[in-house]
Amino acid sequence: MPASQKLRTVSRILPAINTSDGAGVRLRRSIGSGEDTRLDPFLMLDEFSSDNPGDYIAGFPSHPHRGFETVTYILDGHMRHEDHLGNQGDLQSGGVQWMTAGRGIIHSEMPQQEEGRMRGFQLWINLPSNEKMKPAGYRDIAPDEIPVHEKEQGVRIKIIAGEISFNDQLLRGPIYGLTTEPLYLDISLDPNKSIRLPLVEKLNAMAYVFEGQAKIAESDLSTHSAAFFSEGDTVEITAGVKGARFLLLAGLPLNEPIVQYGPFVMNTVTEIKQAIHDYQTGQLTAV
Ligand code: MN
């Protein structure tokens with residue numbers, strides 16, 4: 001290892017807890033299960049995974065957001081959505097919706113089965129104070145717009161957001177250039193396979209294992225658990241005997257105060273009161 005490299009270790013392991021949200025969608029929540037389990041700029045990470053439509057079919061009927069972004073990544077099944085702007089879509093398996101709530105969006109998100117099965121993630125990423133009231137917008141990213149790197153035997157990397165150098169090749173996802181510099185990778189490793197990735201030191205970073213097991217430094221990470229990384233510029237991850245599949249997430253911390261009330265995430269109590277008032281008076285999404 002070059003002397004300049006500083007390996008990240010695991011500073012915290014956070015097993016996902018079973019909970020439900022929306023109209024009764026069962027999910028696993030790791031970061032965001034409490035105020036002390038965020039990783040700036042990430043506010044929440046939910047994993048949906050079920051073979052039973054009763055666990056998710058009620059979905060997330062019309063609801064508001066203000067002050068942050070939601071990133072929905074579907075692995076199996078699909079999700080219908082529509083919003084107050086008249087946008088409608090059907091997010092396909094392997095696709096991503098990157099939604100910037102900004103000053104306000106009111107939308108519905110309704111998971112749909114594929115042979116009974118539905119699996120995916122929703123990540124909430126905070127916005128800096130000077131972008132919380134920008135106009136709402138979103139991007140639907142089709143599966144074939146997301147690059148997949150599989151040149152190394154036993155390694156498969158999907159690059160959803162940001163860029164990373166791997167084996168001297170620069171991999172870049174369809175989403176980049178945001179203030180929080182999010183890196184969002186879906187990585188699969190064959191059994192016992194190890195990879196080393198550079199992770200810019202200024203970024204907070206974590207992994208969330210959703211298949212198999214992984215080892216980072218001396219820490220073992222089981223299925224459905226998140227690991228926050230310590231400071232450093234490189235991470236080494238080794239798959240367990242059955243392989244591993246995990247999200248690797250990194251982002252620039254905002255270091256700003258957070259006041260959250262359900263789907264509103266602002267910097268002050270006054271701004272939260274304003275958001276509630278705006279929603280109740282039909283002005284949440286007014287331009
Ligand atoms: Mn939503």
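The structure displayed is predicted, hence computed values, not measured ones. Start at 1 and go down the list; that is how both ligands and their atoms are numbered.
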As a quick check of understanding, evaluate ring-ring contact (aromatic ring centres under 6.0 Å, His included) for His107 and His84, giving each step before the final call.
CA-CA 6 Å; His107 71 167; His84 75 279; 9.3 Å; no
Is it the case that Glu69 and Thr100 place a side-chain donor and acceptor less than 3.5 Å from each other?
yes
Report the relative orientation of the aromatic rings in His224 and Tyr208; use parallel for angles under 30°, tilted for 30 to 60°, perpendicular for over 60°.
tilted
Going by ring pair (Phe, Tyr, Trp, His ring centres under 6.0 Å), name the pairs with one or both residues in residues 122-162, residues two or more places apart or in two chains.
His65-Trp124, Phe68-Trp124, His81-Tyr138, His149-Phe166
Could you go step by step and tell me if Arg156 and Asp186 meet the salt bridge (Lys or Arg N to Asp or Glu O under 4.0 Å) rule?
CA-CA 8 Å; Arg156 184 172 185 270; Asp186 169 2; 5.3 Å; no
The Mn ion (ligand 1): protein N, O or S atoms that are less than 2.8 Å away, sorted by chain
His63 NE2, His65 NE2, His107 NE2, Glu109 OE1
Does the Lys NZ or Arg CZ of Arg172 fall within the cation-pi geometry relative to Tyr176 - under 6.0 Å from the ring centre and within 45° of the axis?
yes
